[in-house]
Amino acid sequence: MESHYTIWTMEHHLAKTLLEILAESPSRMRGHITDYTDGEKYCVVMEYRQERSLKKFYTGTYFELHTCETICINLMIECMTCAVPYPILYLILKQRRINLKKDNHVYFDFELDLSELDQGKKEKDCVHQCAKIILELLSVKETEKAISYHLVRKKVGTKNYERFTDLYKDVQLAAVPQRKQTGKEKAREIWQKYQARLYHLLMITCAVLFVITVILIILQLIWGGMPILRLFQNTFEKIGTESLLQ
């Protein structure tokens with residue numbers, strides 16, 4: 001199986017900054033595989049994560065408010081659990097290297113422009129960037145009862161957020177409860193979840209039937225009849241000629 005990686009290539013002055021950031025981190029950065037030098041370039045090999053851009057796949061106008069807030073909460077959870085140093089997390093958020101899974105969970109990729117890497121970025125800078133993204137995501141629900149949107153917008157304006165836990169608590173507490181799904185909505189959700197598998201199974205079934213049909217046609221051309229049908233034909237002939245006087 002072919003493996004894919006994301007590789008950061010940088011000059012030595014930028015490499016020095018990156019190594020200092022990694023050295024200050026309390027744990028090994030998630031996604032970091034190895035590093036090496038290539039002439040005058042310093043290269044860092046990172047885990048490759050397939051892009052499924054939040055910007056492309058987030059359709060807030062079609063989502064319910066609860067779904068939008070859930071995605072925002074998942075973004076904050078990823079920020080708090082991704083094990084990435086704050087200067088790099090800041091770049092991920094600023095450059096919008098944010099991806100959305102089909103189940104509305106969020107993950108980051110590492111295709112970054114490191115020229116803006118700033119060793120001085122701290123948690124509060126990342127929280128501010130995250131809050132700005134949350135406002136962008138929830139802005140389409142501004143006219144609805146989006147208490148979370150108005151609360152975050154007010155606090156971002158006064159720069160009250162210092163930690164991710166503060167932002168998380170505000171959105172979590174202000175989020176609307178999930179509306180109970182109707183039977184029709186549940187059926188639609190199940191169909192959307194499994195339709196790809198059903199189509200795949202249907203394609204396989206059609207392919208198998210096609211192959212069987214081709215084989216039967218070839219047998220017809222070679223033997224002038226269907227060998228399988230001959231078994232039944234011979235059986236019926238024998239039954240028809242069996243004497244009842246025995």
Side-chain angles (χ1 to χ4, degrees), residues 1-9 30-34 43-64 66-68 70-75 77-78 81-83 92 95-112 137 140 178-246:
M1 184 177 179
E2 187 178 358
S3 299
H4 298 273
Y5 304 96
T6 298
I7 300 179
W8 296 341
T9 303
R30 184 182 300 172
H32 180 203
I33 299 174
T34 187
C43 304
V44 179
V45 181
M46 299 294 295
E47 174 189 348
Y48 171 77
R49 297 176 181 175
Q50 187 172 4
E51 182 178 3
R52 197 175 189 274
S53 173
L54 175 69
K55 183 178 180 180
K56 181 178 180 180
F57 288 92
Y58 177 84
T59 52
T61 52
Y62 299 102
F63 289 158
E64 293 184 355
H66 173 78
T67 302
C68 296
T70 298
I71 292 172
C72 292
I73 291 170
N74 290 338
L75 171 61
I77 292 174
E78 180 66 12
T81 61
C82 66
I92 290 174
Q95 297 175 17
R96 301 298 193 267
R97 302 311 308 177
I98 307 167
N99 301 278
L100 184 65
K101 294 182 180 181
K102 292 182 179 180
D103 61 1
N104 292 331
H105 283 80
V106 171
Y107 65 97
F108 301 141
D109 66 63
F110 298 109
E111 295 185 28
L112 298 172
L137 298 178
V140 294
Q178 184 175 11
R179 182 175 61 85
K180 188 175 181 180
Q181 289 182 312
T182 63
K184 185 178 180 180
E185 289 172 335
K186 288 181 179 179
R188 185 186 299 115
E189 183 179 338
I190 293 173
W191 166 249
Q192 291 174 346
K193 184 177 180 180
Y194 293 105
Q195 63 177 337
R197 296 182 184 178
L198 290 173
Y199 283 137
H200 183 67
L201 181 61
L202 181 61
M203 291 288 288
I204 292 175
T205 303
C206 291
V208 170
L209 291 175
F210 175 77
V211 171
I212 292 174
T213 302
V214 171
I215 292 173
L216 291 176
I217 291 174
I218 293 173
L219 293 176
Q220 171 73 25
L221 294 174
I222 295 175
W223 284 294
M226 302 296 182
I228 295 177
L229 296 180
R230 286 178 185 174
L231 295 176
F232 295 102
Q233 181 181 0
N234 293 336
T235 301
F236 290 136
E237 288 177 355
K238 184 176 181 181
I239 293 174
T241 59
E242 194 72 33
S243 175
L244 298 177
L245 299 175
Q246 295 177 353

Are any non-hydrogen side-chain atoms of Leu54 and Arg96 less than 4.5 angstrom apart?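 No, too far: nothing below the 4.5 Å cut-off.
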
So Gln50 and His4, do their side chains get closer than 4.5 Å, heavy atoms only?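 Side-chain contact under 4.5 Å: no.
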
Let me see the working for Leu75 and Phe108 under side-chain contact (heavy atoms from CB on, under 4.5 Å), right down to the final yes or no. CA-CA 9 Å; Leu75 171 61; Phe108 301 141; 3.9 Å; yes

Using every non-hydrogen atom in the two residues, find where Ile71 and Val106 come nearest and quote the distance to one decimal.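 Shortest heavy-atom contact: O-CG2, 3.9 Å.
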
Shortest non-hydrogen contact between Gly60 and Cys68, atoms and distance: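 Heavy-atom minimum between the residues: O-SG, 3.9 Å.
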
For Glu51, does the CD atom have more than 12 heavy-atom neighbours from other residues, nucleotides or ligands under 6.0 Å away?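 Check passes, neighbour count above 12.
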
Within this structure, what is the [atom1]-[atom2] distance for the pair [X] and [Y], rounded to the nearest 0.5 Å?
X: Glu47; Y: Thr6; atom1: CD; atom2: OG1; result: 8.5 Å
X: Leu100; Y: Leu137; atom1: CG; atom2: CG; result: 9.5 Å
X: Glu111; Y: Gln95; atom1: CD; atom2: CD; result: 11.0 Å
X: Lys102; Y: Asn104; atom1: NZ; atom2: CG; result: 12.0 Å
X: Leu201; Y: Thr205; atom1: CG; atom2: OG1; result: 4.5 Å
X: Thr70; Y: His105; atom1: OG1; atom2: NE2; result: 9.5 Å

Walk me through whether Glu78 and Asn74 qualify under side-chain contact (heavy atoms from CB on, under 4.5 Å). CA-CA 6 Å; Glu78 180 66 12; Asn74 290 338; over 6 Å; no

For Asp109, all residues meeting side chain to side chain donor-acceptor pair (under 3.5 Å), sequence neighbours excluded: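 Partners of Asp109 under the side chain to side chain donor-acceptor pair (under 3.5 Å) test: Arg97, Asn99.
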
Partners passing ring-ring contact (aromatic ring centres under 6.0 Å, His included) against Phe57 (at least two apart in sequence or in another chain):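 Phe57: no ring-ring contact (aromatic ring centres under 6.0 Å, His included) contacts found.
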
Aromatic rings Tyr58 and Phe63: how do their planes relate, parallel, tilted or perpendicular, breaks at 30° and 60°?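 Judged by the thresholds at 30° and 60°, the geometry between Tyr58 and Phe63 is perpendicular.
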
Taking Thr81's backbone N and O only, do any of them form a donor-acceptor pair with Arg30's side chain (distance below 3.5 Å, no angle check)?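 A pair under 3.5 Å: yes.
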
